[in-house]
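Reckoned from all heavy atoms, side chains included, excluding hydrogens, waters and symmetry mates. Lettering follows sequence order; numbering is per chain, from 1.
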Amino acid sequence: MTTFRMPADEAEARAVQDALRTRVVLDEPGPPPGTGRVTGVDVAYDDERDVVVAAAVVLDAATLDVVAESTARGRVTFPYVPGLLAFREIPTVLAALEALPVDPGLVVCDGYGRAHPRRFGLASHLGVLTGLPVIGVAKNPFTFRYEQPGPRRGDFTPLLDGDEEVGRALRTQDATKPVFVSVGHRTGLDDACAHTLALARDFRQPETTRRADALCRAALREALT
DNA sequence: GCGACAG
DNA sequence: ATCTTGTCGC
């Protein structure tokens with residue numbers, strides 16, 4: 001486990017990403033989809049009141065039942081800058097993960113991993129700091145190119161940065177917009193997509209993300225009361 | 001230089 | 001991310 005350091009400015013943040021990206025592990029298959037535990041993490045903000053709340057929700061990968069959950073409250077310590085999202089979210093997310101009473105298993109987060117200008121998005125960063133297998137599932141293609149995948153659940157196309165496949169546009173429900181999956185740490189792209197499909201049985205987004213989103217929003221409301 | 005731009 | 005009512009559709 002590496003300690004998180006808040007960079008003083010954007011240039012330093014990019015340098016941190018360039019330094020840590022060498023620690024990403026890409027040659028592990030990761031935990032088998034549908035087994036063990038899967039944990040969703042998400043963050044909600046109130047920039048005016050300077051409050052940020054993160055939530056972590058652990059599910060049984062086979063049943064999608066909630067096994068455990070936690071929240072953590074913090075302060076806004078970094079602005080949103082495309083490409084530097086991790087520095088805004090990670091401190092509070094780490095606190096929420098550390099508050100869990102059980103091992104998280106595979107972590108699923110909003111945003112990207114390898115699909116990033118420096119190949120080190122939120123999912124990669126979170127993986128390197130915790131050592132956990134992590135994947136990223138985003139709701140839009142950011143700056144990357146892709147062809148529209150087929151219309152059925154499970155259809156996918158490569159998400160491209162130039163001619164490099166950095167992730168996939170994956171259809172998780174028939175006739176709905178695809179989600180954008182990329183590897184974070186200690187997981188392969190095929191398995192990342194398999195996990196995403198298993199977790200998105202009933203909705204476009206993974207159940208992990210839906211649960212974590214609902215929890216951090218509720219916790220933020222409570223924190224503002 | 002201008003626009004685009006995960007959450 | 002967040003600001004926000006009604007509304008179309010299963």
Side-chain angles (χ1 to χ4, degrees), chain A residues 6 10 13-14 16-17 20-21 24 40-57 71-94 96-97 107-128 134-146 153 159-162 164-170 172-185 189 192 196 201-206 208-224:
Chain A
M6 186 59 69
E10 295 183 18
R14 294 189 183 90
V16 168
Q17 292 180 328
L20 291 183
R21 63 187 281 188
V24 173
V41 293
D42 196 16
V43 182
Y45 299 90
D46 187 311
D47 287 86
E48 293 193 359
R49 299 209 177 203
D50 190 29
V51 177
V52 48
V53 172
V57 180
T71 61
R73 177 181 174 165
R75 295 295 182 184
V76 178
T77 52
F78 206 86
Y80 170 67
V81 179
L84 301 180
L85 175 66
F87 297 97
R88 182 168 165 81
E89 307 219 325
I90 276 190
T92 319
V93 168
L94 284 178
L97 283 174
V107 176
V108 181
C109 58
D110 282 26
Y112 288 118
R114 253 173 66 72
H116 178 273
R118 286 167 294 284
R119 301 291 179 271
F120 196 72
L122 174 62
S124 316
H125 205 146
L126 193 57
V128 166
V134 184
I135 67 173
V137 181
K139 296 178 290 297
N140 68 60
F142 199 13
T143 61
F144 304 106
R145 299 186 312 100
Y146 71 102
R153 168 182 160 83
L159 185 64
L160 302 170
D161 186 355
E164 179 183 355
E165 180 182 45
V166 294
R168 284 179 189 157
L170 175 66
T172 56
Q173 296 292 319
D174 293 351
T176 62
K177 296 187 303 179
V179 296
F180 303 88
V181 180
S182 61
V183 165
H185 185 59
L189 186 53
T196 301
R201 250 266 168 252
D202 304 320
F203 299 94
R204 176 182 176 237
Q205 294 208 68
T208 38
T209 298
R210 299 184 71 248
R211 285 262 169 57
D213 180 73
L215 181 56
C216 68
R217 288 195 196 202
L220 178 62
R221 281 190 187 181
E222 188 177 325
L224 296 177

Which part of the nucleic acid does [X] contact within heavy-atom distance under 4.0 Å: base, sugar-phosphate only, or nothing?
{"X": "A/Y112", "value": "base"}
{"X": "A/G136", "value": "nothing"}
{"X": "A/L84", "value": "base"}

Indicate yes or no for a side-chain donor-acceptor contact from [X] to the backbone of [Y] under 3.5 Å, with no hydrogens or angles considered.
{"X": "A/R119", "Y": "A/H116", "answer": "yes"}
{"X": "A/R204", "Y": "A/K177", "answer": "yes"}
{"X": "A/T92", "Y": "A/A72", "answer": "no"}

Quick test of the criterion, 5.5 Å between centres and less than 30° between planes. Is A/Y45 stacked on B/dG7 or not? no

Separation of [X] atom [atom1] from [N] atom [atom2], in whole Å?
{"X": "A/F203", "N": "C/dC10", "atom1": "CZ", "atom2": "C1'", "result": "12 Å"}
{"X": "A/R221", "N": "C/dC3", "atom1": "CZ", "atom2": "C1'", "result": "14 Å"}
{"X": "A/K177", "N": "B/dA6", "atom1": "NZ", "atom2": "C1'", "result": "14 Å"}
{"X": "A/D213", "N": "B/dG7", "atom1": "CG", "atom2": "C1'", "result": "11 Å"}
{"X": "A/Y80", "N": "B/dA4", "atom1": "OH", "atom2": "P", "result": "14 Å"}
{"X": "A/L85", "N": "B/dG7", "atom1": "CG", "atom2": "P", "result": "8 Å"}
{"X": "A/Y146", "N": "B/dA6", "atom1": "OH", "atom2": "P", "result": "13 Å"}
{"X": "A/H116", "N": "B/dG7", "atom1": "NE2", "atom2": "P", "result": "13 Å"}

Over 12 non-hydrogen atoms of neighbours within 6.0 angstrom of CD in A/E164: yes

Flag yes if more than 12 heavy atoms outside A/R201 fall under 6.0 Å of its CZ atom; otherwise flag no.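 Counting other residues, nucleotides and ligands, CZ of A/R201 stays at 12 neighbours or fewer.
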
Looking only at side-chain atoms of [X], point me to the closest of [options].
{"X": "A/A44", "options": "B/dA6, B/dC5, C/dT2", "answer": "C/dT2"}
{"X": "A/T143", "options": "B/dC5, B/dG7, C/dA1", "answer": "B/dC5"}
{"X": "A/L220", "options": "B/dG7, B/dC5, C/dT2", "answer": "C/dT2"}

Among A/R210, A/R88, A/K139, exactly one meets salt bridge (charged side-chain N to carboxylate O under 4.0 Å, His left out) together with A/D110. Which residue is that?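 One option only clears the test, and that one is A/K139.
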
Between A/F180 and A/F144, ring centroids under 6.0 Å: no

If every non-hydrogen atom of A/L126 is compared with every non-hydrogen atom of A/V134, which pair is closest and at what distance?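 That would be C-CG2, 4.3 Å.
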
Of all the heavy-atom pairs spanning A/V76 and A/D50, show the shortest one and how long it is.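 Minimum heavy-atom contact is N-OD1, 2.9 Å.
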
May I ask you to verify if any side-chain N or O of [X] is less than 4.0 angstrom from the OP1 or OP2 atom of [N]?
{"X": "A/K139", "N": "B/dG7", "value": "yes"}
{"X": "A/N140", "N": "B/dA4", "value": "no"}
{"X": "A/R217", "N": "C/dA1", "value": "yes"}

Which ones in residues 117-125 of chain A lie close to DNA chain B, meaning a heavy atom under 4.0 Å from one of its atoms?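 A/G121, A/L122, in order of number.
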
Can you pull out the residues from residues 46-54 of chain A that lie within a 4.0 Å heavy-atom distance of DNA chain B?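 Contacts with DNA chain B under 4.0 Å: none.
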
Plane angle bin for A/Y112 and A/F142 - parallel if under 30°, tilted between 30 and 60°, otherwise perpendicular: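 Correct class here is parallel.
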
